[in-house]
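The next block holds one structure in the form of structure tokens; read it before the comments.
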Amino acid sequence: MKLKNKQIAIVGGGPGGLTLARLLQLKGANVKVYERDFNKDARLIGSPLDMHEESGLAAIRKANLLDEFKKNFRPGADKKLIVNERAEIFFSDHETKPNENFGHAYFRPEIDRGPLRNMLLESLQPGTVVWDSHFISMEKQDEGWFLYFKNGSSAYADIVIAADGANSKIRPYITNIKAFYSGITMLEINIYNAAKATPHIYALLNGGKIMAFGNSQCLLGGQKGNGEIGFYASFKADENWVKNNGLDYNDQTQLLSWFKTAYPGWSGIWYEIFENAATPFIPRLIYCMPLNQTWEALPNVTMLGDAAHVMPPFAGEGANMAMLDALELSECLTDDKYNTLQEAISIYEINMRYRASIAAKESLENGERMHSEGALNMMLNMFGGI
Ligand SMILES: Cc1cc2nc3c(=O)[nH]c(=O)nc-3n(C[C@H](O)[C@H](O)[C@H](O)COP(=O)(O)OP(=O)(O)OC[C@H]3O[C@@H](n4cnc5c(N)ncnc54)[C@H](O)[C@@H]3O)c2cc1C
């Protein structure tokens, strides 16, 4: 096997990096994951993810983790409501959707990011993840690379895989192509103990997700396993909006009055969110990799997930693509039909770029639809609503 006696460094312990580590370890490879977080509990991580049969779940199956996944996913959390700006319900699958339907093409079980990360971490050999390893730079050393980290430590690797997300520090060693701003900004809002803090919204969601459309703007929310509800106010804005808006993201009153002005026509039912959410709210500019990006494969460095192809979240594909990248890369690197690692990396990258650009196009198109005047009707058509 081409990976025999080779040390592999995966930089970044998100869904993509950890899935790759697990899959390569199952094939007997020597893997370390260098993650900048201080330890596994260093931060609370984001909104739930829905896993797709042909990508995220395919990788989980290949990693022999489907049984663990079934213990950790959240039955019913994929149920959804589509509403207008006055929270009038136009689509609900709460009565019709089965809680569990593994193997069905359209079943998209939800898992919180924390449990997904823990499940992957626990599947790795002890000591695989080197915490507090914030990658800064690397230089060529013999046939491989010397990696340098912010805490002053360093490590050698024969093969380096960038899994360090949208602002990857390794990507520039592979290509200069940069992501472009999609025209959409999101404001992330978290509500702790939602049953108490926002009882009306909590009752409306009823454990599932909600998509509200009106005036070319959206509010997108979902119940998390720990009693929190996460919302995104999502809207078209100039790339400099965050820099220039003068908002204090710690000030709920100010953010509520921003909402009242910026989301005209949206009813008072939503105010509960702004009045009771945890602070700070987190603004997120949504970027996308050019759909036609390409580069020459290198012999011993490659990338996956958001590092390779960040895309808007409007098709729920980002984490799924990252995990499918991990699956395909692990297969390519361990397949004897390729003569060299460079050939294996090249084949992986050609397929990955092609597949990711289809997903990114769908994400961009969904983003356009969801932020257009006829958003509600278009989304109802997509989901077959009333
Ligand atoms: C608002 C929003 C909602 C989303 N919803 C969905 C969804 O429903 N479904 C879905 O599939 N996707 C969704 N996504 C996309 C998804 O979050 C990403 O595509 C996915 O997390 C990418 O995984 P990754 O492993 O490539 O990178 P990441 O998850 O970004 O992980 C990167 C890891 O690398 C570490 N790291 C970063 N820099 C360094 C460094 N220099 N040195 C060492 N470590 C480093 C980070 O700490 C992190 O652990 C959403 C994204 C957003 C913004």
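Index from 1, following the sequence. When a ligand or atom number is given, it counts from 1 through the structure's own listing order.
Not one N or O of Arg284 is nearer than 3.5 Å to an N or O of ligand 1, by distance alone. For ligand 1, the polar-atom distance check finds an N/O of Phe135 within less than 3.5 Å of one of the ligand's N/O atoms. The shortest N or O to N or O distance between Gly316 and ligand 1 is under 3.5 Å. For the pair Met186 and ligand 1, the shortest N or O to N or O distance does not fall below 3.5 Å.
Hydrophobic clustering, defined by side-chain heavy atoms of Ile, Leu, Val, Met, Phe, Trp and Tyr closer than 4.5 Å, groups Leu291 together with Phe180, Leu364.
The nearest non-hydrogen atom to atom 21 (O) of ligand 1, considering only Met321, Arg113, Met311, Glu110, comes from Arg113. Nearest residue to atom 31 (O) of ligand 1 from Ser137, Gly14, Gly165 is Gly14 (criterion: closest heavy atom). When the heavy-atom distances from atom 43 (C) of ligand 1 to Ser133, Ala359, Gly12 are ranked, the shortest goes to Ser133. For atom 47 (O) of ligand 1, the nearest non-hydrogen atom from the set Met51, Glu188, Glu35 comes from Glu35. Of the listed options Ala319, Ser168, Gly16, Gly16 places a heavy atom closest to atom 24 (P) of ligand 1.
Taking every heavy atom of Asn320 and a limit of under 4.0 angstrom, the matching atoms of ligand 1 come to 11 (O). Shown in contact with Gly13 at under 4.0 Å from a heavy atom are these atoms of ligand 1, numbered in order with element: 33 (C), 34 (O), 49 (O). Ligand 1 places these atoms under 4.0 Å from at least one heavy atom of His134: 40 (C), 41 (N), 42 (N).
Between Asp112 and Arg74 there is a salt bridge, since at least one side-chain N of the basic residue sits less than 4.0 Å from a carboxylate O of the acidic one. The existence of a salt bridge linking Glu368 and Lys236 is confirmed by a sub-4.0 Å separation between a basic side-chain nitrogen and an acidic carboxylate oxygen. Between Arg284 and Glu188, at least one side-chain N (NZ, or NE/NH1/NH2) sits under 4.0 Å from a carboxylate O, which counts as a salt bridge. Salt bridge absent: Glu53 and Arg108 never bring a charged side-chain N and a carboxylate O closer than 4.0 Å. Between Arg355 and Glu328, at least one side-chain nitrogen of the basic residue sits less than 4.0 Å from a carboxylate oxygen of the acidic one, meeting the salt-bridge criterion. Residues Lys209 and Asp93 are not paired through a salt bridge, judged by the lack of any N-O separation under 4.0 Å between the basic side chain and the carboxylate.
Residue contacts with ligand 1 include Arg117, since one of its heavy atoms falls under 4.0 Å from the ligand.
For the ring-ring contact (aromatic ring centres under 6.0 Å, His included) test with Trp258, the passing option among Phe235, Trp266, Tyr271 is Phe235; the others fail.
Counting heavy atoms closer than 4.0 Å to ligand 1, residue Ile136 contributes nothing at all.
Cys288 approaches Ala360 most closely through the heavy-atom pair SG-CB, 4.0 Å.
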